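The structure presented is a predicted model; accordingly, all values stated were derived computationally and were not measured. Side chains are part of it too, since the values below use all heavy atoms of this structure and drop only hydrogens, waters and symmetry mates.
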Amino acid sequence: MSLSTRPHGGAPEQVASVLLPPADPTLLDALQRALPEPGQLRTRALDRLALGHDASHYFLTPTAVVTPRDADDVGRLFEVSAARGVPLTFRSGGTSLSGQAGTAGILADTRKHFRGIDVLDDGARVRVGPGATVRQVNARLARFGRKLGPDPASEIACTMGGVVANNSSGMACGTTQNTYQTLESLVLVLPSGTVLDTGAADADEKLRSTEPALYEGLARLRGRVRGNTESLRIIAAQFAMKNTMGYGLNSLVDHTRPVDILTHLVIGSEGTLAFVASAMFRTVPLLRHAMTGLLVFEDLSGATGSLPALVSTGPATIELLDATSLRVAQADPGCDEIIRRITVDRHSALLVEYQADSIEAVSELSQAAGPVLRSIPVTGPAELTADPRARARLWHTRKGLYTTVNEARPSGTTALLEDIVVPVPKLLDTCEQLIDLFAKHRYTDSVIFGHAKDGNIHFMLTERLGAGGDLQRFAEFTEDMVELVLANGGNLKAEHGTGRIMAPFVRRQYGDELYEVTREIKQLCDPAGLLNPGVIITDDDQAHLRDLKVTPTVEQEVDRCVECGYCEPVCPSRDLTTTPRQRIVLRREMQRAREAGDTALLAELEQEYDYDGVQTCAVDGMCQTACPVLINTGDLVRRLRAESVGKVTAKGWSYAAKHWAGTTKLAGTALSVAEKTPSILITGPNELARTVIDPDILPLYSPELPGGGRQRPKGGGDEPTAPTPTAVEIVFFSACVGTMFGPADGGPGARESFVRLCERAGVSITYPADLPSLCCGTPWKSKGISDGYRVMLRKVLPRLWEASRHGELPIVCDASSCTEGLRHMLQSELAEGHFQGLKIVDATAFVAEHVLPKLDIKRRKSAMALHPTCSSTQLGLNDTLKSVGASVADSVTVPDNWGCCAYAGDRGMLHPELTESATKGEALEIRQGNFDAYASCNRTCELGLTRSTGHEYQHILELVDWASAP
């Protein structure tokens, strides 16, 4: 079977492994019968190890990974788990900082098939699947002026299943708009197999009839808690603050019907009571306007002492940064000048933000807060700003602390991000004693930051958990921290969940009576104790010190990764093979196997990693746009490709670099011939050849491919198209993809349209000398062929330098990926210190700024479907792209499921299954819509979307050309 069509769920012959014993074949057979669809059961070493990792410092290897499609599948999984006595854990959210999502049993990944989002009542309510992310849901709600109440910082990665499981809150929602307060109902699958919609009119009666023991037990516990004065006191005190420690025992006080109690107990239960198949939320208004300021104080006392007065002014958020946080922030070149000016001693700061639905309303809030801001003991001006750039810099500092501390941690260590909450009057004492604990246990550069308005702070430790680590130090620090928080009347977990790290301390926080209530809740819902055991409840007082994750030193990209999973939702291969996080953790697992001498496991991982980790990576850089430590996993993959490139392939591509004009002309001619030849005469021999020749070298031809394009002008600077003395003058680097791939049917192509637009606007164009032989270098760089890349780089930059008159004129490129490629050339080591001042501009951005204002738009499309590219995202071009679209179409729609198409030059031709998987959601939206124009800004991406959607995509500039044509 060709690698390009290798099934993802296949299980190779098991090898004898020291680190990864084979799974029980009878269990695998039962799972296969329960989930018979291809790919639902994954038992390869690569899958088990990749999915076993999350952002916590725990690691358990699942026996098998399964991907259920619906509630019925989940019910059958419960049956297998019960019959075989094997634990079952559901993985939903992307982070799981406290170790909630690991298991040595069956791991069910719910992120692939539970992504539904159904907006109801003009956005007042929304029904979501557990696999949809917070960002995806909020994007749907934004058009209605609404949003979810919970606002976790990990909204790009955390899924709604994780939001429910952890009772997520965030920076602005506090305890009034968190998950507990805004969730309306759930569709649950109980371990018994019962499916219950708790929002149905007869839900309470159905629970009584189908689960009588559970129903009566919840009613009994309700009476037990309400009849105990001390229990009521503890619950009132602990749940007046943020609290994700143990179960939501306040449910037994706040609600009367057992079905409502069950619904709210599941919130924050971390997957230990039931499976959440869908959730209904009440939404909150989206406040689009804000004013933000950083208030700097001499010390923590000044900052925390000012909290009551500041809270009285009604801010949406008050974020605390301690002295170490400020020092760390100053190391970031992107920090605001107000931070850079501080000579940090014992200083602290509060980041304050006011939000409203209009400029006038937020200004009124700011003015009303003025007297308080002028009265508090700040060291500088207490000023608020509405400037988006200034606000972005301040929030960059707050959100970047996690990044900056992680960047500085020694290789092989793990960053532990923990959170606690105490009553606000106890915040100063808690912070000061916590700093003393850092010193006592020799944790240097540990930062304290967090949601000061709620008394909720986060702190970070860096610890080596493997060989050479000081586990006793970690244990002693944890014990001292627990005593400190409980002595100050706080909760040991405010946001991140109990997980494994705090499970041994639940009894200590609540006392024996409420802990027994907690245990009985678990027994009622999950009598066999097979649903995510070891989380929240444990009899092992050392459980938080077991199953710790080792992070061996591997490569730069790998060592910096904190396994948070922020990269996963934007990765085009996430539903086909692996994500950036998984590519990285598998490199760690290979190193672990290497160090353990487990040659069998290492060989198996290396064999599977070639396709799953290397060949099907689009190296699009989208992971870097989401990564808190700015890792571009494509850099790792390019290096791995470079290590495996054969001599013949490398020489062939180097030869092509030296003869690029002929190569592109030949490719274009071949496509023109193929276009006129019956498809069966092309596709059959082509597919046969790919069974012999490496499919990572020989592309797959498909009938929707166009014929070849025209050769580019030879250039030389003597061909101005509009030699008007007052005209804007540019150097046009027309992309070579326009030579290899002709335009969409009936279209002029991006190159011709750009030239026409410039002529209409009086812009003078020249071309670099020998343009047909030049390329941005991306084909060589993405394949890891360094020699060919250097050949091209040494040709291109001198010619651009000369054509631009040493940087005087901008270089404009008509393909976003090539614009990005040229900019990468300028950042290369070979270009360092040379070609300073050379400006690379994308044609879409150039037209928006210099051409569109001079055009007469004579005709418009009614509805345009617009596909941004990974390159336009990296270039910060997407807003410009949408504005250009809006200039020629009445409505412009970027699909909610938009993402990188993974065509990646020729990657979509080498592995078409990659593009098919990456565009599946977007293509479905397009086919369901009603559009009369389909546009992007890169020719190969247009080809990928044309194949996926069945609609002809063209460059956005072709539509501007059409709209402004005489």
Side-chain angles (χ1 to χ4, degrees), residues 111-119 123 126-129 131-144 146-147 155-156 159-160 568-576 618 620 622 625-626 704 744 816-817 844 861-875 877-886 888-904 908 914-956 959:
R111 291 170 292 182
K112 185 173 182 180
H113 297 298
F114 291 87
R115 295 176 181 168
I117 302 171
D118 188 11
V119 178
V126 63
R127 181 186 295 112
V128 297
T133 67
V134 172
R135 176 171 291 185
Q136 289 167 339
V137 177
N138 280 337
R140 298 281 185 92
L141 291 171
R143 65 193 65 164
F144 299 95
R146 309 289 293 183
K147 65 183 285 291
E155 49 97 23
I156 187 176
T159 59
M160 298 309 299
E568 295 189 314
V570 300
C571 176
S573 60
R574 67 186 182 278
D575 292 334
L576 180 69
D620 58 347
M622 287 296 287
T625 67
E704 86 286 344
S816 59
S817 64
T844 302
K861 297 290 186 180
S862 61
M864 176 190 296
L866 185 64
H867 174 80
T869 70
C870 54
S871 296
S872 69
T873 303
Q874 296 273 27
L875 295 168
L877 191 63
N878 289 348
D879 287 341
T880 300
L881 183 64
K882 285 185 276 188
S883 70
V884 172
V888 297
D890 295 334
S891 71
V892 177
T893 299
V894 175
D896 292 322
N897 287 306
W898 166 81
C900 171
C901 69
Y903 208 85
L914 177 58
T915 292
E916 179 184 2
S917 176
T919 59
K920 185 176 181 179
E922 182 176 3
L924 179 61
E925 281 189 65
I926 294 298
R927 288 193 291 268
Q928 292 174 342
N930 185 20
F931 305 100
D932 60 348
Y934 305 85
S936 188
C937 56
N938 200 72
R939 187 67 187 115
T940 53
C941 300
E942 294 155 23
L943 296 176
L945 268 294
T946 297
R947 178 202 291 167
S948 298
T949 67
H951 295 285
E952 194 81 46
Y953 274 71
Q954 58 189 141
H955 199 288
I956 187 71
L959 288 166

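- Other residues, nucleotides and ligands place more than 12 heavy atoms under 6.0 Å from the CD atom of Glu952.
- In this structure the side chain of Val137 never reaches within 4.5 angstrom of the side chain of Val134, judged on heavy atoms.
- Within the 4.5 Å cutoff, the side chain of Arg143 has heavy atoms near those of the Asp896 side chain.
- Across all their heavy atoms, Ala886 and Val892 have their closest contact at N-CG2, 3.5 Å.
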Checking Leu866 against Leu881 for the side-chain contact (heavy atoms from CB on, under 4.5 Å) test, could you report, in this order, the C-alpha distance in whole Å, the side-chain angles of both residues, the deciding distance, and whether it holds? CA-CA 9 Å; Leu866 185 64; Leu881 183 64; 3.8 Å; yes

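- Inter-residue side-chain proximity for Leu914 and Ser573 is flagged as met; some heavy-atom pair is nearer than 4.5 Å.
- When all heavy atoms of Ala132 and Gly116 are compared, the pair lying nearest together is CB-O, 4.3 Å.
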Worked verdict on Gln136 versus Thr159 for side-chain contact (heavy atoms from CB on, under 4.5 Å): CA-CA 9 Å; Gln136 289 167 339; Thr159 59; over 6 Å; no

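- At distances below 3.5 Å, at least one donor-acceptor pair connects side-chain atoms of Lys112 with backbone N or O atoms of Asp575.
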Decide yes or no on side-chain contact (heavy atoms from CB on, under 4.5 Å) for Leu959 and Gln954, but give the supporting numbers first. CA-CA 8 Å; Leu959 288 166; Gln954 58 189 141; 3.5 Å; yes

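- Formation of a donor-acceptor pair under 3.5 Å by the Arg947 side chain with backbone atoms of Gly908 is found in this model.
- For the pair Glu942/His955, a side-chain contact is recorded, criterion being any heavy-atom separation below 4.5 Å from C-beta on.
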Determine whether Thr949 and Tyr934 satisfy the following criterion, side-chain contact (heavy atoms from CB on, under 4.5 Å), listing intermediate values before the conclusion. CA-CA 10 Å; Thr949 67; Tyr934 305 85; 5.5 Å; no

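- No donor-acceptor pair under 3.5 Å is formed between the side chain of Ser948 and the backbone N or O of Leu945.
- Across Cys900 and Met622, no two heavy atoms sit closer than the pair CB-CG, 4.0 Å.
- Using a 4.5 Å cut-off on side-chain heavy atoms (C-beta onward), Leu924 and Asn897 make no contact.
- Rounding to the nearest 0.5 angstrom, the gap separating the OG atom in Ser872 from the CG atom in Asn938 is 8.5 Å.
- Atom CG of Asp118 is separated from atom CZ of Arg140 by 9.0 Å, given to the nearest 0.5 angstrom.
- Residues Ile156 and Thr133 fail the side-chain proximity criterion, which asks for heavy atoms closer than 4.5 Å.
- Residues His867 and Cys901 are in side-chain contact: their nearest non-hydrogen atoms beyond the backbone lie under 4.5 Å apart.
- Annotation for Asp620 and Cys870: closest pair CB-SG, 3.6 Å, computed over non-hydrogen atoms.
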Derivation and outcome, side-chain hydrogen bond (donor to acceptor under 3.5 Å, both in side chains), residues Asp890 and Ser862: CA-CA 5 Å; Asp890 295 334; Ser862 61; 5.8 Å; no

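- Minimum heavy-atom separation, Ala865 to Phe931: N-CD2, 3.7 Å.
- Residues His951 and Ile926 are in side-chain contact: their nearest non-hydrogen atoms beyond the backbone lie under 4.5 Å apart.
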Hey, mind stepping through Ser816 and Thr869 against side-chain hydrogen bond (donor to acceptor under 3.5 Å, both in side chains) and telling me if it holds? CA-CA 8 Å; Ser816 59; Thr869 70; 3.0 Å; yes

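- The shortest non-hydrogen separation linking Arg574 to Glu568 is CD-O, 3.1 Å.
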